[in-house]
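Take a look at the structure set out below.
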2 protein chains.
Amino acid sequence: MAITLEEIAKITGFSASTVSRVLTKQSKKYRISQVTEKVIIKKAKELGYRPNDLARGLRLKKTHLIGLMVPDISNPFFSYLTHIIQKKVYMNGYSLIVANTNEDINTEIEQLEIFRRKGIDGYIIMPVGTKYEHLADLIEHNKPLVLLDRNIDELNVNCVVVDNYRGSYEAIQYLINAGHKRIAIIQGLQNTYTNNERVLGYKNALADNGIKIDEELIVGNDFRRENGFISTKMLLKLSNPPTAIFTFSDLITLGTLHACMEEKINIPDSLSVVVFDDIDFAPFLVTPLTAVRQPREMMGEVAVKLLIDEIKNKSQERKKKIILEPKLIIRKSVRDMILGGNANHLNTTMEYHYD
Amino acid sequence: MAITLEEIAKITGFSASTVSRVLTKQSKKYRISQVTEKVIIKKAKELGYRPNDLARGLRLKKTHLIGLMVPDISNPFFSYLTHIIQKKVYMNGYSLIVANTNEDINTEIEQLEIFRRKGIDGYIIMPVGTKYEHLADLIEHNKPLVLLDRNIDELNVNCVVVDNYRGSYEAIQYLINAGHKRIAIIQGLQNTYTNNERVLGYKNALADNGIKIDEELIVGNDFRRENGFISTKMLLKLSNPPTAIFTFSDLITLGTLHACMEEKINIPDSLSVVVFDDIDFAPFLVTPLTAVRQPREMMGEVAVKLLIDEIKNKSQERKKKIILEPKLIIRKSVRDMILGGNANHLNTTMEYHYD
DNA sequence: ATTTTATGCGCAATCGTTTGTGCAAAAATT
DNA sequence: AATTTTTGCACAAACGATTGCGCATAAAAT
C-alpha cells in the first residue's frame, strides 16, 4: 500500500540500498553522487515516502518508543506526570506508549509483557507494589528503566522519588505544633513505596512528640475517592474522633471533602485537614487546603532525562537515585487548637510557602 | 538477544514454521501432531519465548496499536478521556500511543506523520482546528479513524461529539432566565469545533431573547488557565462590566476563580459564573459551580467502540456521527437578578440535575 | 498389491529496512 | 599505455515472524 524504498528504487533506476542511504543522509559516507541524491530525494518527496518503522525497528533494534506504566491516569497527580513525560519524550524524538496498571500487580506484569513484545527502547514505571521479579528480569536483559514516584530498594535501578517520609513527617509535625494530638491518616494502597514512607513519617513524628499511636486512626486502603469518602465517615463516627486528618492523595481528599459536606463538618473548625498532593483547585475550595506539594514537573523531567541518558549511554556504571523534596503549602484547613482560630501563622522546619 | 522461533526450532528439531503454527494455535489447521505440539509449547514456555511484534507487524500489517492525539493532556477533561480510552483499548487487546498536540496544528501534523510510520491500526483524534488535509489523507488511505470531541464537517468520518451548541445555549438561557443581560464568555481556542459551536449557542440564545450582542463581552483565545485569569481581569475592568461570565473550559475556570479571588469579587453576589466542563472539585469550591457537564466516559467508550468496529469491519459503508447530550448541573454560582439571592431554584428546558 | 487418501511437517518467499562487501567504470598516476 | 586509485553504486544477507505449497511416509481403500 504505502510507498517503499523498493518502489522508489524501481522508478529512479537505482537500488533500494542506494535509496536508503540517500534518505538516511549517508550519501557522503557511501559516496553517492550529488546528482543521484537530488533525483532520489525529489522522487521520495513527490511520492510522499514514509519509512516503515516496523521494518526499521526490526533491523535496527530501535523503535523510538518509550513505555510508561502508571497506576491510575485519572488521578490528577499521575495525569500531570504523564503530560510532562509525554512532552519531554517527544522533545527527544520518542513516542509514548502508556499503560494503566490500575494499581493491580497482575495488570502490571501483563502490560509489561506486552510492552516487551513491542521492542520498546525504554521504560518509565511507577510500580504497584513490592513484587519485582518482572522488573528484575527487565534489568537483567539490560532494558533501560527508571522507576518513578515509587522505588524498590532491592533493585539496582535508576529512580526518582520525592521524600515522602519527610513530607509526611513535617505535615504531622505541623499539626502537632498546632496542638493536635488525635491525628488520623487515610492511607492509599498498602505496601506501595509511597504509602509505606508516609505511614512511617506519620508514626515517627508522633513518637518523637511522645504521642501514642492509635491504630484506630490509621485507616484506608487505596488512593481512590471512594476510600476517602468511606474512611472519613468511619473516622467521624468514632467514639473519640480525630481532630485532624491527613489524606494520602488528591482523590482521597475529594472523598474526604464529600464526606465532610454530607456530615456538615466544617473545616477547620470541627476538623483539620492536611493533604498529600497539591490540587490546582485547592486555593479556591470552601476552605483552602494546606497541602504537601510534590515537584511534579521536576519528577517527570528528571525521569525522562535519566531514561534517555541510559538509552544513549548503554554503559551505565552505576544507577542513580534521585530524591526530590516536597513542600508544605500552608493555607487555611488547620485549626490552632491552642490559641484557637486558624493555624496558618505557624511554621514548620520544612521550607514552607503561602499562596 | 531475545529467544526466537528459529531457536526453538533448532532445539526441538522442528522447523520455524511448525513452531510458529503451534504457538499461534493453528496446530489443527496445519495438522501438527499433538505430541509435537506439546513438545514445542513446553519448550517455548521454558525458554520464555516472547513473540516479536515488530516482525509480526511487518508481516501481518497489524500492530495492535491505537494512536490517540489530544490537545492537552494536563487538562482534566482530556486526561479523563485518555484514561477511559486507555482502559477500553486495553480491554480490546490493543495498546495506546498518545500524542499531545498542544493545540498546535503543526504539531498535530508532525505527530500524525510519526504515527503513520509506526503502522498504527487505528486513530482517535481530537483535532486542533479546521485544517484537515492530513486527516483527509488518512481517510483516503483507509486508515480507521474516529474524531473525538471535535468534528470536522467536511470529512466523511466516524465521530463522537457532544452537543456543544445546545450546552452553551441552555447555559446562557439559564442566565437570562435569572435576569442577566450582560453576559460575557471567555472563549477557548478560536476556530476549533467546540469553540465555534459554543459561541454560536451563546449568540443565538442572546438573539432569541432580544439581547444585543456586545463584542466587548466576547473575550479569550485559548483553553488554558492564564487565559481565564487575564480575560476575567479585563472583563472586570470594563466600564460596564458583565454580571455573568460563561467560561469555556475547566482550566479557564481556574483562572477566573483566581482572578476573582485577587479582585475580591464574590461569586455569585458580585458576579455570576457558569462553566463548561464539570470539575470533580466543583461542589466543594467556595461557591459550588453551576456547570455544563459532558458525558466523558460515554464519549471515550463510544469512540473506542466505533474505532474497533471500523478496524474489524474494514468495509464500513457509511460513517457514523454520534452526538451526545450535555447536562446542566445547577449549583450556586448564579445570582437571581430579579428576586435576588441564588438562582438555583430556576429551571431550564434542558435535563437538569442537582448535586 | 496397487492406488488413493490422509497425516505431519519443511521449504522458501515475503513484509521493508539497513549495511558489509565487492565490482565495474572513470579518473589519476606513472 | 599500463597500473593504481577513486568514484558510484548494486548484491545479498539479515532482522523475526507467517503462510502457500509441496513432498514424503503412513494408513486406508480397492
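Owing to the predicted nature of the structure, the values given are computational and were not obtained by experimental measurement. Below, chain A is the first sequence line, B the second, and so on; all start at residue 1.
In this structure, A/Leu5 atom CG and C/dC15 atom P are separated by 13 Å, rounded to whole Å. A straight line from CZ of B/Arg116 to C1' of C/dG16 spans 17 Å, rounded to a whole angstrom. Residue B/Lys61 contributes atom NZ, which lies 7 Å from atom P of C/dC15 at whole-angstrom precision. The distance from atom NZ of B/Lys29 to atom C1' of C/dC9 is 15 Å, rounded to the nearest whole Å. If you take CZ of B/Arg117 and C1' of C/dT17, they are 13 Å apart, rounded to a whole angstrom. Here D/dA17 presents its P atom at 9 Å from CG of B/Leu23, a figure rounded to the nearest Å.
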Short N/O separations, protein against nucleotides 6-9 of chain D, under 3.5 angstrom:
from, atom 1, to, atom 2, distance (Å)
D/dG8, N7, A/Arg31, NE, 3.2
D/dG8, N7, A/Arg31, NH2, 3.0
D/dG8, O6, A/Arg31, NH2, 2.9
D/dC9, OP1, A/Thr36, OG1, 2.4
D/dC9, OP2, A/Ser33, N, 2.7
D/dC9, OP2, A/Ser33, OG, 3.3
D/dC9, OP2, A/Thr36, OG1, 2.9

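Closest to the side chain of A/Leu58, out of D/dA17, D/dG16, C/dT17, is D/dG16.
Among the protein residues, A/Ser17 comes within range of the nucleic acid bases, having at least one heavy atom under 4.0 Å from a base atom. Among the protein residues, A/Leu60 comes within range of the sugar-phosphate backbone only, with heavy atoms under 4.0 Å from sugar or phosphate atoms but none that close to a base. Here A/Gln26 lies in heavy-atom contact (under 4.0 Å) with sugar-phosphate atoms only.
Under the 3.5 Å distance criterion, with hydrogens and angles disregarded, a donor-acceptor pair is assigned to the side chains of A/Tyr80 and A/Glu297. A donor and an acceptor atom, one from each side chain of B/Thr4 and B/Glu6, are nowhere located under 3.5 Å apart.
Atoms CG and OH, on B/Leu147 and B/Tyr193 in that order, are 10.0 Å from each other to the nearest 0.5 Å. Interatomic distance, OH of B/Tyr132 versus CG of B/Leu135, reported as 10.0 Å (0.5 Å rounding). Annotation: the span from A/Arg21 atom CZ to A/Arg31 atom CZ amounts to 10.0 Å, rounded to 0.5 Å.
Contacts with DNA chain C (heavy atom under 4.0 Å) in residues 46-54 of chain A: A/Tyr49, A/Arg50, A/Pro51, A/Asn52, listed by number.
Remark: side-chain polar atoms of A/Lys87 are not paired, donor with acceptor, to backbone N or O of B/Asn102 under 3.5 angstrom.
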| said: Show, in sequence, the C-alpha distance, side-chain angles and deciding distance for A/Leu145 and A/Leu307, and conclude whether the side chain to side chain contact (heavy atoms under 4.5 Å, CB included) test is met. | reply: CA-CA 6 Å; A/Leu145 164 65; A/Leu307 185 63; 5.6 Å; no
